[in-house]
Novice: 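Before we start, here is the structure in question, set down as structure tokens.
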Amino acid sequence: MPKTLIICEKPTATEKIAAALAEGKPRRRKLMGVSYYEFERDGMEMIAVSALGHLFTLKNLRPMRDYPFYDIDWMPVYEADKKAKRTQVFIDVIRELAKDATDYISACDYDVEGSLIAFNVLKYLCGEEAVKRARRMKFSTLTTDELRHSYEHMMPRLDFELIDAGITRHVLDWYWGMNLSKAMSAAVEAAEQRFAKLSAGRVQTPTLKILVERELEIKAFKPEPFWVLSLILNIDGHEVTAEHVRSRFFDRSDAERALAACKEKLARVSAVKVRRYQRLPPPPFNLGDLQSEAYRSFGYAPMRTQQIAQALYQAALISYPRTSSQKLPSTINYRRIIEQLRSSEQYGKFASELLSRLDLRPNEGKKVDPAHPAIFPTGEKPKALSGAQQKIYDLVVRRFLSTFGKPASLESVRVELDVGGELFLLHGRRVLEEGWLRYYGRYGSMEEIVLPQLQEGRELSIKEVKMEERKTQPPPRYNPASIVKEMESKNLGTKSTRAGIVQNLYKRGYIFGNQITVTELGVEVVNTLLRYCPEIVSEELTAEFEHEMEAIQEGKRSREEVIAKARAELDKILMKFKEHQMEIGRSLMKSYRITLMKQRVLGKCPKCGGDLRVTISRITHKRFAGCSNYPKCTNSFPLPQDGTIIPLGSICKECGTPMIQVNRAGRRPYKMCLNPNCRTKSDWRRDVVDTRKK
DNA sequence: GCAAGGTC
């Protein structure tokens, strides 16, 4: 009896593929805790089984004692990474089910990585014959119609061009990243006999470079003074401030001359310009947009938003979150979703309003994704959500509804005021029709500036004309959300990896703070690599990889050719690196030490003004905050033993000790002062009891 | 140890 094994990328996709292809209901089975689905189609027996993303990864075949090192091969992820034990049962189950399979279908996401995931499963778990026989389903959403269509129009073989491109990408990233990381650590070891965990990579290093460049701009920035003139008026008992038409005077005497001209007591309204305009609804969320909106609205780091979105997805409340798409194809049946939302207390009236319209169409954005639509709520009713989950869910639902809303109608008013020939401006803004802004609620809140009725020719009494000195500001620092956005615009990393790569830069000690500052170490790593391997620092490497991948996909270059070229190039770079490793190692270590020392400082000692530093007790080996003036000053505070401690650079309003933030795995970050007896902590114990009661 | 990519 012939049996077809369908390889899918992830469990939820497996379920949908089985449901779409089965005649009748697929039978859900379980083996070693892993679900798979049996069903019939056209008289054939079929089994849909799931991978869990990549089940295989590249690994060095021997310990990597020296570099250059190129001896790598594919291995089960669970063997390479002990923390990924979960993937082992998936491998066992697929191997078991492959035993009596006669035909194979690759039904992973239709992109380079998906093609490779299925290929490795077929090659290492089903055998070479399976690779030759396997066919490929291509689809861009997991809707019944599209899945059936893609089954009917299957590619009769695997997409080896995409697979080859994928393998090459993995190998090149490994070669470049691992060898350069090793080269830096080895340089430190050779020069200082100490281990320092240093890293470089095609994505992380250009990202760090962007941050270093901003750091340099800020350091080189010379604030320039400028002057502003403002006119304070009294209109019908309200105080209103108008700004001079020249928003900045860089020449003080110009500002003074303008000020001197304003000696009159009255300002005359010389023009009133009213403009009506529309603001279109926003496109639906992709992951990057959700991350930056959640940072703006709640201050959540992109990594946190990603984790919360993943939890909501697993609770079947929202669609697949790791997407770059801003499209909502009608096949997701958004009318049904909005109908389901109608029964919700919070969103019901918005949903009803939308459903009463005939033209229900989303305002889509330009970005697409080969495998997933934009993020949308499934319409399921949420049960017991945590506070943070509730917030992200609310944001997703409101954004989704907003996308279908009518444009908002706004009115802006520009009032010109003449004071002795000097022109001042008043700006007002009013929402005429809220449209989609109502659905978006607090996330789209538009500040209204309502001006009193002002007719041309009216004279207003002046309270004061003010001249103030200000300074130009340096360009703003990146924050975790804006650097993720910058990476996206430069095509660095993927939607799934960007937040994690930024987190990694923090973990390495290359950067710190929410307003991102690059450490001495981060700057030195970039400088070193700029000197010896500018290729890895440049965003161009990603672009170059992409060209090579394209050439491979078009059959213009072979995988072997591209890999051999990279090896030759790396050989030269790494040799030069090694020649200079003593000086490289010394300067890396120097900046490493400075960064470590600075990282330990939590703030000023309230007793003596010295530095309070994270210190490890010689006796108990536990960490605490101790004063740098020890033994002259014996001031100290206990610290939590788990998690990362981040100095906040501020002091407690109650007790004056430095504030810190504690980040612990799986818990939400919390802020506290160092003093355990501070009044701010008097209710901590009660909180713990309260939580337990619930 | 060290990358970047997929997944939960």
Side-chain angles (χ1 to χ4, degrees), chain A residues 8-14 33-35 50-60 63-69 72 74 77-78 80-91 108-109 111-121 165-189 194-208 306-315 320-323 370-372 487 492-505 507-508 525 536 541-542 545 549 566 570 666:
Chain A
C8 312
E9 183 156 329
K10 45 186 169 279
T12 48
T14 313
V34 174
S35 291
S50 178
L52 202 63
H54 280 294
L55 295 178
F56 295 86
T57 189
L58 289 172
K59 194 168 181 321
N60 41 322
M64 193 177 163
R65 295 222 168 78
D66 200 3
Y67 70 94
F69 191 101
I72 57 176
W74 294 95
V77 169
Y78 70 85
D81 177 6
K82 295 295 164 205
K83 276 178 277 175
K85 245 190 138 199
R86 244 188 7 262
T87 58
Q88 183 167 4
V89 280
F90 282 79
I91 285 184
C108 289
D109 291 354
D111 53 29
V112 169
E113 298 298 331
S115 299
L116 182 54
I117 288 168
F119 172 76
N120 279 337
V121 162
I167 294 173
T168 312
R169 206 276 306 148
H170 277 257
V171 171
L172 294 189
D173 273 340
W174 202 102
Y175 281 1
W176 282 91
M178 290 299 205
N179 277 300
L180 280 165
S181 300
K182 177 76 194 173
M184 289 196 293
S185 304
V188 169
E189 216 150 6
R194 251 203 77 170
F195 176 73
K197 196 192 270 187
L198 298 171
S199 65
R202 173 178 56 88
V203 178
Q204 62 168 272
T205 308
T207 303
L208 182 59
Q306 197 167 328
Q307 282 160 354
I308 295 167
Q310 172 69 14
L312 293 172
Y313 160 67
Q314 278 171 267
Y320 187 73
R322 279 177 298 248
T323 174
H372 306 280
M487 291 169 79
L492 290 170
T494 72
K495 64 243 170 191
S496 328
T497 60
R498 289 180 191 120
I501 284 170
V502 170
Q503 240 197 2
N504 215 15
L505 295 177
K507 233 168 59 192
R508 293 269 173 281
V525 163
I536 197 82
L541 195 61
T542 290
F545 272 32
M549 304 300 107
L570 262 169

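Because the structure is a prediction, the values reported are computed rather than measured. In what follows, chains are A, B, ... by sequence order, proteins preceding strands, each numbered from 1.
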Novice: Measure from CG on A/L208 to C1' on B/dA3 and round the result to the nearest Å.
Specialist: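 After rounding, the reported distance stands at 15 Å.
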Novice: Give the rounded distance in Å between these two atoms: CG of A/L541 and P of B/dA3.
Specialist: 15 Å
Novice: Side chain of A/R322 only, heavy atoms from C-beta on: which candidate in B/dG6, B/dT7, B/dA4 is closest?
Specialist: B/dT7
Novice: Look at the side-chain N and O atoms of A/Q310 and state whether any lies under 4.0 Å from the OP1 or OP2 oxygen of B/dT7.
Specialist: no
Novice: Rounded to the nearest angstrom, tell me the gap between atom OH in A/Y320 and atom P in B/dG6.
Specialist: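 Answer to the nearest Å: 8 Å.
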Novice: At under 4.0 Å, does any side-chain N or O of A/S199 touch on OP1 or OP2 of B/dA3?
Specialist: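 Checking A/S199 against B/dA3: at least one side-chain N or O falls below 4.0 Å of OP1 or OP2.
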Novice: Aromatic rings A/F545 and A/W176: how do their planes relate, parallel, tilted or perpendicular, breaks at 30° and 60°?
Specialist: tilted
Novice: Just to be sure I understand the rule, does A/A51 reach a base, reach only the sugar-phosphate, or reach nothing, if contact means heavy atoms closer than 4.0 Å?
Specialist: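 A/A51: no heavy atom of the nucleic acid under 4.0 Å.
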Novice: A/I501 has a side chain; which of B/dC2, B/dA4, B/dC8 sits nearest to it?
Specialist: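 Within the option list, the nearest is B/dA4.
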Novice: Counting distance only, does the side-chain N/O of A/N179 pair as donor-acceptor with the main-chain N or O of A/Y175 below 3.5 Å?
Specialist: yes
Novice: Which of these nucleotides, B/dC8, B/dC2, B/dA3, is closest to any side-chain atom of A/L52?
Specialist: B/dC8
Novice: Name the closest nucleotide to the A/V203 side chain, picking from B/dA4, B/dA3, B/dC8.
Specialist: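 The answer is B/dA4.
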Novice: State which of B/dC8, B/dA4, B/dT7 makes the closest approach to the side chain of A/Y313.
Specialist: B/dC8
Novice: Under 3.5 Å, is there a donor-acceptor pair between the side chain of A/Q204 and the main chain of A/L505?
Specialist: no
Novice: Quick one: is A/S496 getting a side-chain N or O under 4.0 Å of the B/dG5 phosphate, OP1 or OP2?
Specialist: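 Answer is no, no contact under 4.0 Å.
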Novice: Check this one for me: any side-chain N or O of A/T497 less than 4.0 Å away from OP1 or OP2 of B/dG5?
Specialist: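 Answer is yes, contact under 4.0 Å.
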Novice: Check the distance between B/dC2's C1' and A/F69's CZ and give it to me in whole angstrom.
Specialist: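 That distance rounds to 12 Å.
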Novice: In chain order, what residues pass the side-chain contact (heavy atoms from CB on, under 4.5 Å) check against A/A80, with sequence neighbours excluded?
Specialist: A/T57, A/K59
Novice: Rounded off to whole Å, could you give me the OH-to-P distance for the A/Y67 and B/dC2 pair?
Specialist: 18 Å
Novice: Using the six-membered ring wherever Trp is involved, compare the ring planes of A/W174 and A/F69 and label them parallel, tilted or perpendicular (cut-offs 30° and 60°).
Specialist: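 Tilted, since the angle between the ring planes falls between 30° and 60°.
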Novice: State whether A/R65 places a side-chain N or O below 4.0 Å from either non-bridging phosphate oxygen (OP1 or OP2) of B/dC2.
Specialist: no
Novice: Just the rounded figure in Å: distance from C1' of B/dT7 to NE2 of A/H372.
Specialist: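 The distance from NE2 of A/H372 to C1' of B/dT7 comes to 11 Å, rounded to the nearest Å.
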Novice: Atom CG of A/L505 and atom C1' of B/dA4: how far apart are they, to the nearest Å?
Specialist: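 From A/L505 CG to B/dA4 C1': 13 Å.
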Novice: B/dG5 phosphate, OP1 or OP2: any side-chain N/O from A/R498 under 4.0 angstrom?
Specialist: no
Novice: Base, sugar-phosphate or nothing for A/G114? Non-hydrogen atoms, less than 4.0 Å.
Specialist: nothing
Novice: On DNA chain B, does the nearest nucleotide to A/T12 precede the nearest nucleotide to A/W176 from the 5' side, or the other way round? Give the residue.
Specialist: A/W176
Novice: With respect to the phosphate group of B/dC2, does any side-chain polar atom (N or O) of A/K182 fall under 4.0 Å of OP1 or OP2?
Specialist: no
Novice: Taking OH from A/Y175 and C1' from B/dG5, how many angstroms apart are they, rounded to a whole number?
Specialist: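 In whole Å, B/dG5 C1' and A/Y175 OH are 17 Å from each other.
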Novice: When all nucleic acid strands are considered with a 4.0 Å heavy-atom cut-off, which category describes A/T87: base, sugar-phosphate, or nothing?
Specialist: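 Touches nothing.
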Novice: Among the nucleotides B/dC2, B/dG6, B/dA4, which one has an atom lying closest to any side-chain atom of A/R169?
Specialist: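 The nucleotide sitting nearest to the side chain is B/dA4.
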Novice: Please tell me which of A/T494 and A/W174 maps to the more 5' nucleotide of DNA chain B, matching each residue to the nucleotide holding its nearest heavy atom.
Specialist: A/W174
Novice: Checking A/R498 side chain against A/L492 main chain: does a donor-acceptor pair fall under 3.5 Å?
Specialist: yes
Novice: Checking side chain to side chain donor-acceptor pair (under 3.5 Å) for the pair A/Q306/A/Q310: CA distance, chi angles, key distance, verdict?
Specialist: CA-CA 6 Å; A/Q306 197 167 328; A/Q310 172 69 14; over 6 Å; no
Novice: Looking across every strand, which nucleic acid part, if any, lies under 4.0 Å from A/L58 by heavy atom: base, sugar-phosphate, or nothing?
Specialist: base
Novice: Hey, does the side chain of A/N179 come within less than 4.0 Å of B/dC2's phosphate (OP1/OP2), counting only N and O?
Specialist: no
Novice: Please tell me which of the listed nucleotides, B/dC2, B/dT7, B/dA4, lies nearest to the side chain of A/E9?
Specialist: B/dT7
